[in-house]
Participant: 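For reference, the structure I am asking about is given below.
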Amino acid sequence: AQELLQKISEKCFKKCITKPGTTLDSSEQRCVAMCMDRYMDSWNLVSRTFSNRLQ
Amino acid sequence: AQELLQKISEKCFKKCITKPGTTLDSSEQRCVAMCMDRYMDSWNLVSRTFSNRLQ
Amino acid sequence: AQELLQKISEKCFKKCITKPGTTLDSSEQRCVAMCMDRYMDSWNLVSRTFSNRLQ
Amino acid sequence: SQKAQLQQQIHKLNDVCWDLCVDKPREKMDGRTETCLCNCVDRFVDTSLLVAGRFQNLINKHQ
Amino acid sequence: SQKAQLQQQIHKLNDVCWDLCVDKPREKMDGRTETCLCNCVDRFVDTSLLVAGRFQNLINKHQ
Amino acid sequence: SQKAQLQQQIHKLNDVCWDLCVDKPREKMDGRTETCLCNCVDRFVDTSLLVAGRFQNLINKHQ
């Protein structure tokens with residue numbers, strides 16, 4: 001899971017924090033949380049689709 | 001050759017499939033084939049040029 | 001330091017050489033030198049800021 | 001190991017397909033994004049098979 | 001080793017923050033770029049902690 | 001091994017120079033693209049040498 005967490009942090013930082021300020025404001029926090037949930041949805045969907053092709 | 005094939009797949013997928021559909025249509029297939037040939041030409045040229053500099 | 005040198009070469013090549021010619025002209029050389037100095041400044045600042053957060 | 005290699009491929013696929021299909025993250029995964037992700041994986045596999053097949057042909061010709 | 005892993009993380013951070021904060025390299029590092037780099041590192045760490053915390057919550061819920 | 005490291009450098013170079021020089025893949029490699037690829041490799045090597053040289057100078061100064 002270590003690599004997944006690193007990927008999420010990097011992808012979601014790039015999507016949500018375009019002008020880093022002195023704190024992570026609430027809209028950035030919400031964006032990161034949503035982005036993380038979607039990234040894991042995507043990961044699950046991609047894994048399933050890929051596994052189906054391997055069979 | 002494993003790494004070369006992975007690089008080609010990734011680079012040519014990005015160049016040729018911008019809106020993935022339900023099949024790889026014939027124009028996408030042609031684009032991938034052409035892209036692969038050019039990537040290998042490029043690889044050969046780059047290797048040769050780099051080797052010349054090392055001597 | 002090997003990896004730092006590789007990163008600098010790649011980042012500064014991309015920033016400074018947009019149309020590679022038959023030589024590295026003097027303005028490209030100046031750009032690469034400046035870019036290298038700034039990349040090392042950045043590296044030092046990032047290391048320091050990150051270390052502060054780890055404590 | 002083979003499991004680690006498979007995980008690696010899924011990381012790569014998710015990386016490429018996320019960049020291609022997801023613009024702004026939303027409250028829920030919508031149908032269009034899901035379709036794009038599935039098609040992206042399938043077409044990526046098609047592309048890899050096409051590339052591997054052409055490569056095999058090249059090797060056979062040169063033997 | 002742990003030192004190598006730390007170095008790796010600094011390479012990654014510098015990579016991301018350089019792309020975000022530095023446009024054209026200049027004669028000197030100006031104050032705005034310095035502030036951007038420091039904030040970038042701190043917000044990246046915040047993001048990683050937020051992500052790790054949510055992940056831990058998910059695991060706890062499923063146990 | 002040294003051969004593997006060399007291969008790795010060629011992968012990296014081809015990656016960078018392909019992105020810089022090849023827009024849409026065509027039927028044949030045209031002369032302009034070939035020139036761009038060769039110059040790209042040579043200027044990348046020049047850049048690496050310049051960077052390594054400046055770094056060596058820095059180390060010498062600090063000793």
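Quick note on labels: first sequence line is chain A, next is B, and so on, each numbered from 1. What you see below is based on every heavy atom in this structure, not just the backbone, and it leaves out hydrogens, waters and symmetry mates.
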Participant: Given a strict heavy-atom distance threshold of 4.5 Å, which part of F/Asp19 is in contact with chain B: side chain, backbone, both, or neither?
Facilitator: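 The answer is the side chain of F/Asp19.
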Participant: Quick check for you: among B/Ser42, B/Ser51, B/Cys35, which has the greatest number of heavy-atom pairs under 4.5 Å with chain F?
Facilitator: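 Heavy-atom pair counts peak at B/Ser42.
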Participant: Where does B/Lys7 contact chain F at under 4.5 Å (heavy atoms): side chain, backbone, both or neither?
Facilitator: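 Side chain only.
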Participant: Can you say whether F/Asp46 sits under 4.5 Å from chain B via the side chain, the backbone, both, or neither, judging by heavy atoms?
Facilitator: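 For F/Asp46, heavy atoms of backbone and side chain both lie under 4.5 Å from chain B.
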Participant: Would you say F/Arg26 has more than 12 foreign heavy atoms packed within less than 6.0 Å of its CZ?
Facilitator: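 Count not over threshold, so no.
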Participant: Can you say whether B/Leu4 sits under 4.5 Å from chain F via the side chain, the backbone, both, or neither, judging by heavy atoms?
Facilitator: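 Both backbone and side chain of B/Leu4 come within 4.5 Å of chain F.
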Participant: Under 4.5 Å from any heavy atom of chain F, what part of B/Arg53 do you find: side chain, backbone, both or neither?
Facilitator: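 For B/Arg53, side-chain heavy atoms alone lie under 4.5 Å from chain F.
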Participant: Would you say the SG of B/Cys31 sits less than 2.5 Å from the SG of B/Cys16?
Facilitator: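 With an SG-SG separation under 2.5 Å, B/Cys31 and B/Cys16 do form a disulfide.
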Participant: As an exercise: rank B/Arg30, B/Met36, B/Arg48, B/Glu3 by heavy-atom pairs under 4.5 Å with chain F and give me the winner.
Facilitator: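 Winner by heavy-atom pair count: B/Glu3.
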Participant: Just by distance, with hydrogens left out, do F/Asn60 and F/Gln56 show a side-chain donor and acceptor under 3.5 Å apart?
Facilitator: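 A donor-acceptor contact under 3.5 Å links the two side chains.
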Participant: Return yes when the gap between the SG atoms of F/Cys40 and F/Cys17 is under 2.5 Å; return no otherwise.
Facilitator: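 Answer is yes: F/Cys17 pairs with F/Cys40 in a disulfide.
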Participant: Tell me whether B/Asn44 contacts the main-chain N or O of B/Met40 through its side chain, where contact means a donor paired with an acceptor under 3.5 Å.
Facilitator: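 Such a contact is found between B/Asn44 side chain and B/Met40 backbone.
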Participant: Please assess F/Val41 against F/Asn14 for the test side-chain contact (heavy atoms from CB on, under 4.5 Å), listing each intermediate value before the final yes or no.
Facilitator: CA-CA 8 Å; F/Val41 172; F/Asn14 199 33; over 6 Å; no
Participant: Could you have a look at F/Val22, F/Asp15, F/Thr33 and say which one has the most heavy-atom pairs with chain B under 4.5 angstrom?
Facilitator: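 Heavy-atom pairs under 4.5 Å are most numerous for F/Asp15.
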Participant: Do any N or O atoms from the side chain of B/Ser47 and from the backbone of B/Trp43 form a donor-acceptor pair under 3.5 angstrom?
Facilitator: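 Flag set: sc B/Ser47 to bb B/Trp43 pair under 3.5 Å.
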Participant: Counting heavy-atom pairs closer than 4.5 Å to chain B, which one of F/Lys24, F/Gln9, F/Lys28, F/Gln7 comes out on top?
Facilitator: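 With the most close heavy-atom pairs to chain B, the winner is F/Lys28.
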